[in-house]
Amino acid sequence: MRGVTRFGVKGKLALRYIGPFEVIERIGEIVYRLNLPRQLGHVHNVFHVSMLRKYTPDPSYVIEYEAIPLQGDVTYEEQPVKILARELKVLRNREIPVVKVLWKNHGEDEAT
């Protein structure tokens with residue numbers, strides 16, 4: 001596994017499984033065709049059953065979706081909701097304020 005590249009990551013830290021993806025059709029007794037996203041366009045979409053793993057439903061995996069108003073050029077404006085944390089970084093002879101902001105249409109784990 002030393003020089004193997006899986007989905008853009010090389011080495012032992014590469015993901016063994018990614019997904020879940022929808023099964024489009026069963027081609028043979030042990031071969032399935034999956035519906036892969038466009039980012040994985042370079043990967044063939046037919047897999048042997050030994051390369052797949054059963055999906056176990058997880059209620060926390062369900063993502064609530066909220067419609068985002070898009071502009072004509074398919075962009076949208078990020079709006080801050082609240083400041084989660086403040087910190088003052090000291091670098092040699094100057095101080096830099098660092099602020100963690102919660103953005104609209106994002107969860108608290110995606111705050112920057």
Side-chain angles (χ1 to χ4, degrees):
M1 299 301 299
R2 190 173 209 175
V4 175
T5 302
R6 277 197 204 120
F7 306 109
V9 181
K10 184 177 177 183
K12 67 179 184 179
L13 298 179
L15 296 174
R16 194 168 292 254
Y17 295 100
I18 61 169
F21 301 113
E22 179 186 6
V23 175
I24 298 174
E25 66 175 316
R26 182 176 180 178
I27 297 174
E29 296 220 359
I30 53 175
V31 182
Y32 292 89
R33 184 180 312 271
L34 302 181
N35 185 12
L36 298 178
R38 292 184 190 264
Q39 300 95 291
L40 297 175
H42 62 282
V43 179
H44 192 62
N45 65 349
V46 176
F47 293 91
H48 187 270
V49 72
S50 67
M51 299 175 71
L52 303 176
R53 188 168 55 170
K54 182 180 176 184
Y55 175 69
T56 53
D58 182 14
S60 67
Y61 187 75
V62 176
I63 300 172
E64 302 220 4
Y65 127 82
E66 181 180 323
I68 299 173
L70 296 176
Q71 298 169 359
D73 58 350
V74 194
T75 60
Y76 68 97
E77 184 177 332
E78 289 281 358
Q79 297 174 352
V81 175
K82 68 178 181 178
I83 296 174
L84 298 176
R86 292 176 187 260
E87 189 179 326
L88 197 60
K89 289 272 188 182
V90 179
L91 301 174
R92 293 187 185 162
N93 58 354
R94 55 183 176 163
E95 297 175 344
I96 300 173
V98 179
V99 180
K100 189 171 186 178
V101 179
L102 176 65
W103 298 96
K104 186 176 181 181
N105 301 322
H106 293 284
E108 204 164 303
D109 58 327
E110 298 178 44
T112 59

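Values below: all heavy atoms of this structure, side chains included; hydrogens, waters and symmetry mates excluded.
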Reported CD-to-NZ distance for the pair E95 and K89, which is rounded to 0.5 angstrom: 13.0 Å
If two hydrophobic side chains count as joined below 4.5 Å and joins carry through other members, does V90 share a cluster with I96? no
Side-chain donor-acceptor distances from residues 26-35 under 3.5 Å, at least two apart:
| residue | atom | partner | partner atom | Å |
| --- | --- | --- | --- | --- |
| R26 | NE | G28 | O | 3.1 |
| R26 | NH2 | E29 | O | 3.0 |
| R33 | NE | E25 | OE2 | 2.8 |

Is V81 linked to Y76 within one hydrophobic cluster, defined over Ile, Leu, Val, Met, Phe, Trp and Tyr using a side-chain heavy-atom separation of less than 4.5 Å? no
Are V99 and L84 connected into the same hydrophobic cluster when the rule is that any two of I, L, V, M, F, W, Y join if their side-chain heavy atoms are below 4.5 Å apart? no
I'd like to check Y55 versus V23 (side-chain heavy atoms, cut-off strictly below 4.5 Å). Are they in contact? no
Holding to side chain to side chain contact (heavy atoms under 4.5 Å, CB included), I want the full list of residues that pass it with D73, two or more places apart in sequence or in another chain. Q71, T75
Would V98 end up clustered with L91 when hydrophobic side chains under 4.5 Å apart are linked, directly or stepwise? no
Less than 4.5 Å apart, any side-chain heavy atom of L40 and any of F21? yes
Using every non-hydrogen atom in the two residues, find where E108 and L102 come nearest and quote the distance to one decimal. CA-CD1, 3.8 Å
